[in-house]
Amino acid sequence: MSQVPIPRNQICLWYKDDAEAAANFYAETFPDTEVLHVQRAPTDTPSDGPQQGSVLMVSMKVIGIPTLLLVGGDTFKQSENFSFQVRTEDQDETDRYWNAIVGNGGQESQCGWCKDKWGLSWQITPRQLMDIYNDPDPAATKRAMEAMFTMKKIDIAAIEAARKG
């Protein structure tokens with residue numbers, strides 16, 4: 001059995017128990033995302049963590065970023081302090097990721113943010129939304145941002161219309 005290389009730096013995300021299901025969902029949903037290795041607990045872990053033989057951690061890439069999903073029980077929860085920001089190119093791609101997350105037990109939030117059913121936050125951010133920060137017209141930027149503040153899932157056409165005035 002070959003060894004999975006351990007990156008020098010990676011993101012570590014804490015899951016109550018269902019890290020493998022989360023990893024599989026991310027791999028099915030996002031490009032450049034793959035499960036690299038599932039490590040099972042060699043012994044019972046303290047407290048409410050995994051028991052011998054159950055999933056302890058999943059090594060993966062999430063949209064190219066080395067990530068470790070750790071099963072640690074109820075001690076810590078996901079929060080908006082960490083999110084993956086996914087840049088999209090068009091409304092179809094924006095809708096696809098948003099609908100996959102929210103439609104799989106997730107929750108909508110504001111301004112392109114949503115949470116998956118495991119509590120991990122995602123920013124589904126169209127490139128056009130990021131372009132407004134480079135607009136030389138401060139009034140256009142203001143109009144676009146004010147439009148964005150009224151949205152949950154980003155509507156690119158509405159952002160562009162507001163930007164143009």
Side-chain angles (χ1 to χ4, degrees), residues 1-131 133 148-149 151-156:
M1 175 185 236
S2 66
Q3 295 277 330
V4 174
I6 299 172
R8 181 178 176 112
N9 188 13
Q10 66 182 332
I11 292 167
C12 181
L13 302 171
W14 187 286
Y15 288 77
K16 177 182 175 186
D17 54 18
D18 213 3
E20 187 173 22
N24 290 331
F25 172 75
Y26 304 150
E28 292 168 6
T29 304
F30 298 103
D32 196 20
T33 300
E34 63 179 323
V35 174
L36 302 172
H37 181 71
V38 176
Q39 174 67 46
R40 300 200 174 272
T43 186
D44 291 349
T45 58
S47 182
D48 62 347
Q51 301 304 300
Q52 183 176 357
S54 62
V55 173
L56 174 63
M57 57 187 142
V58 179
S59 297
M60 66 181 308
K61 284 191 327 181
V62 177
I63 314 174
I65 300 169
T67 307
L68 181 71
L69 281 58
L70 175 68
V71 175
D74 257 346
T75 306
F76 300 109
K77 310 268 189 263
Q78 302 284 352
S79 82
E80 289 80 358
N81 287 330
F82 176 87
S83 64
F84 280 106
Q85 184 180 57
V86 181
R87 189 193 74 223
T88 59
E89 290 300 319
D90 56 33
Q91 193 67 52
D92 286 342
E93 188 178 23
T94 300
D95 293 347
R96 184 171 60 251
Y97 297 147
W98 182 275
N99 294 339
I101 292 168
V102 172
N104 189 43
Q107 297 176 296
E108 295 182 319
S109 190
Q110 293 298 120
C111 304
W113 288 62
C114 57
K115 284 185 184 181
D116 65 31
K117 75 179 190 178
W118 300 278
L120 184 63
S121 291
W122 297 83
Q123 297 177 56
I124 309 303
T125 309
R127 175 189 45 76
Q128 295 85 345
L129 184 61
M130 300 308 290
D131 289 347
Y133 300 118
M148 178 197 66
F149 292 147
M151 298 176 186
K152 291 185 179 192
K153 178 175 61 175
I154 301 300
D155 178 336
I156 297 170

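None of the values given here were measured: they were computed from a predicted structure.
Closest of all the heavy-atom pairs between L69 and A19 is CD2-O, 3.4 Å. Listed here is the closest heavy atom pair of W113 and S83: CH2-OG, 3.6 Å. For the pair M130 and T125, the tightest heavy-atom approach, listed with the atom from each and the gap, is SD-CG2, 3.5 Å. When all heavy atoms of E20 and V55 are compared, the closest pair comes out as OE1-CG2, 3.3 Å. Contact between I156 and Q91 at its shortest, heavy atoms only, is N-OE1, 2.8 Å. E34 and M60 make their closest contact through O-CB, 3.0 Å (heavy atoms, listed as atom of the first residue, atom of the second, distance).
The backbone N or O of Q52 sits less than 3.5 Å from a side-chain atom of D44, completing a donor-acceptor pair. Looking only at distances, no side-chain donor or acceptor of N99 sits under 3.5 Å from a matching main-chain atom of G103. At least one donor-acceptor pair under 3.5 Å links the side chain of T33 to the backbone N or O of I63. Here the side chain of Q128 pairs a donor or acceptor atom with the backbone of E89 at under 3.5 angstrom. A donor-acceptor pair is defined here as one N or O able to donate and one able to accept, closer than 3.5 Å; no such pair exists between the side chain of T75 and the backbone of G73.
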Legend entry - Candidate pair W118 and L13, rule side-chain contact (heavy atoms from CB on, under 4.5 Å), full reasoning: CA-CA 11 Å; W118 300 278; L13 302 171; over 6 Å; no
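The line from CG of L56 to CG of L70 is 6.0 Å long, rounded to the nearest 0.5 Å. A distance of 10.5 Å separates CG in L36 from CG in L68, rounded to the nearest 0.5 Å. The CD1 atom of I154 sits 5.0 Å away from the CG atom of L129 when rounded to the nearest 0.5 Å. To the nearest 0.5 Å, the span separating SG on C114 from NZ on K152 amounts to 11.5 Å. In this structure, S54 OG and R40 CZ are separated by 7.5 Å, a value rounded to the nearest 0.5 Å. Here N104 contributes atom CG and F25 contributes atom CZ; the two are 4.5 Å apart, rounded to the nearest 0.5 Å.
Salt bridge status for D131 with R127: present, with a side-chain N to carboxylate O gap under 4.0 Å.
The aromatic rings of W122 and F30 sit parallel to each other, their planes meeting at less than 30°, with 60° as the upper class boundary. In this structure, F76 and W14 have perpendicular ring planes: the angle between them is above 60°, well past the 30° mark.
Residues E108 and W98 meet the side-chain proximity criterion, which asks for heavy atoms closer than 4.5 Å. A heavy-atom distance below 4.5 Å is not found between the side chains of M151 and Q110. Between V35 and Y26 the shortest side-chain heavy-atom distance does not fall below 4.5 Å. For the pair I101/I124, a side-chain contact is recorded, criterion being any heavy-atom separation below 4.5 Å from C-beta on. Using a 4.5 Å heavy-atom cutoff, the side chains of Y15 and V58 are not in contact. F82 places none of its side-chain heavy atoms less than 4.5 Å from the side chain of S121.
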